[in-house]
Amino acid sequence: MLTAEKNYLRDLARKQLELSQLPIMREREKLWYAHNACEGTRPMISVEEGHYWKEMAPELKCTDPLHREMEYQLLNQIHRVEMIGDDRVVPDFYEIKYGVYDKIVGLGQQENQGDTRASDGTAGYHIIPQIEIIEEDFDKVQPTHFFFPEAVGEKAKRIEEIIGDILPVRLVNASNNWGPSPLRTVIGIMGMENAYISMATEPEEFHRLMDFITEDAIRLYRWEEANGHMFLNNGNTLIGSGNWCFTHELPREDFTGHVRSVDTWIHMNAEEACDISPAMFRDLILPYQKRIAKEFGLIYYGCCEPTSKFWDAGICEIENVRKVSISPWCDEKFMGERLAGKNIIYSRKPKDYMYIGSQKELDEEAFRKNIRETIAATKDCKVEYIFRDVMTIHGNGQKVKR
């Protein structure tokens, strides 16, 4: 049985490799490189299908847990080419992502899981505060412990034995992919309510905690550099909120082969700041984002927050910002005016949850209207469209490609 599964996985790996070598993939790569240099000739389009792909995917055949994981990943790369047809490039490698810490600042995020689950099996949760008043509880935070999970190396060896001669196995430290966000860490250990109250009632202590978390993050980057866990992400790599990292601008000109944070992209955001004022953002959040931004080569900024609210409050001052997330909660016209003529890409997140996820049939006229609004707002901008955060497509896979 296991031998048959391995042969099946090898067939899938060959199919992925075949797709990765198609001429259209080289064409897409050229488009992405030009686009990310703000020299593209058309908007790029990327669709994330992680939440609902199981509705489109064929039934898995493997029984071994690792084989099933491999099958799922290989099938995803193969079937999305025909089922979605966006500008994604099929990789000519098999990627294994890992992290290098578990409990950030010695605490990590503790949660109460909700009882009601969504169709994809996920559940809502409530953060269990480990710190309520910073002045009283600051001694609870400790420097994060960093380590390489030994199980990852063993897993890589097993996968290499099966498909390594077809698809190279690539280990990628994903610890920096969704972050850095000192505010998210604060809320992860305090909860939203306590964090917001602290901003107002003990701002000096809030600064103290943000400073500790920021320095802890910079210590992570130095550890990754020293221990070989900082990886170049200047090619077919996805980081944070939908950014494909193709660029010839990284690594930096003084690169010697030893990867530093300044040789890489980073994704930054402050989603959890959406309900504070621009003045509070400038005072309590921006200084720490600026400090971290200096550690990296190129920045993709934002996720679901209304970046338009904080653009003039200081996001515009962050160094090396190349892309800005324009979520459904942004003022599109305002951001179109601010980014017009700049070497900053207008990374639009359409209201795809409304048109793709909320009903079985695609309301094409409403969708066209939504996209035309973006086109009108961005006539002098470099634009990309990132479709993500759709939880279900109600079993109608055709509407995604449509």
Side-chain angles (χ1 to χ4, degrees), residues 20 25-42 44 46 87-89 91-93 95 97 100 146 168 170-181 214-215 217-269 286-302 314-325 339 341-347 381-384:
S20 74
M25 299 302 165
R26 303 292 76 76
E27 293 172 12
R28 290 175 182 174
E29 283 182 348
K30 291 178 182 178
L31 288 169
W32 277 112
Y33 280 115
H35 170 73
N36 286 345
C38 295
E39 297 172 355
T41 56
R42 69 163 175 84
M44 299 300 286
S46 175
D87 289 319
R88 297 264 289 272
V89 178
D92 57 359
F93 54 86
E95 188 172 84
K97 294 181 179 180
V100 297
F146 308 127
R170 179 182 294 183
L171 286 177
V172 176
N173 172 18
S175 301
N176 304 334
N177 277 11
W178 274 99
S181 174
T214 300
E215 288 303 309
I218 294 173
R219 190 172 62 87
L220 164 65
Y221 311 143
R222 300 292 86 80
W223 183 90
E224 290 171 326
E225 291 170 349
N227 291 277
H229 295 289
M230 183 70 73
F231 293 92
L232 291 179
N233 56 8
N234 57 348
N236 193 5
T237 303
L238 174 70
I239 67 164
S241 201
N243 175 38
W244 290 96
C245 297
F246 297 95
T247 182
H248 295 303
E249 297 174 55
L250 298 173
R252 290 193 173 180
E253 291 183 358
D254 61 349
F255 180 64
T256 62
H258 181 75
V259 183
R260 308 155 299 177
S261 61
V262 293
D263 296 312
T264 69
W265 283 87
I266 195 69
H267 166 244
M268 309 179 64
N269 69 69
L286 182 65
Y288 307 100
Q289 292 190 317
K290 282 185 170 182
R291 195 186 306 175
I292 288 174
K294 290 179 180 179
E295 299 289 326
F296 292 90
L298 290 171
I299 311 294
Y300 180 104
Y301 189 91
I315 296 175
C316 62
E317 302 169 9
I318 296 176
E319 298 179 13
N320 300 332
V321 170
R322 179 55 54 86
K323 298 185 181 186
V324 177
S325 175
L339 300 185
K342 289 187 169 62
N343 283 339
I344 300 176
I345 294 167
Y346 189 108
S347 186
C381 301
K382 295 297 183 180
V383 186
E384 65 185 18

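In this text, all values refer to a predicted model and were calculated from it rather than measured experimentally.
Taking the charged nitrogens against the carboxylate oxygens, E249 and R322 do have a contact shorter than 4.0 Å, which makes a salt bridge. For the pair E317 and K290, the salt-bridge criterion is met [side-chain N within less than 4.0 Å of a carboxylate O]. Note on D92 versus R170: no salt bridge recorded, every NZ/NE/NH1/NH2 to OD/OE distance being 4.0 Å or above. Electrostatic pairing of R26 and E29 counts as a salt bridge here, judged by a charged N lying under 4.0 Å from a carboxylate O.
When all heavy atoms of K294 and V262 are compared, the pair lying nearest together is O-CG1, 4.1 Å. Minimum interatomic distance between M25 and R88 (heavy atoms only, all atoms of both residues): SD-O, 4.1 Å. Between N234 and L250, the shortest heavy-atom distance links the atoms ND2-O, 2.9 Å. Nearest heavy atom pair, residue W244 against residue N236, reads CZ3-OD1, 3.3 Å. Y300 and S325 make their closest contact through OH-CB, 3.9 Å (heavy atoms, listed as atom of the first residue, atom of the second, distance). Of all heavy-atom pairs spanning L286 and I315, the tightest one is CD1-N, 4.2 Å.
Between Y221 and F296, the ring planes lie perpendicular to each other; the angle is over 60°, past the 30° to 60° tilted range. The aromatic rings of H229 and W223 sit parallel to each other, their planes meeting at less than 30°, with 60° as the upper class boundary.
Side chains of E295 and P180 form no contact here, defined as non-hydrogen atoms less than 4.5 Å apart.
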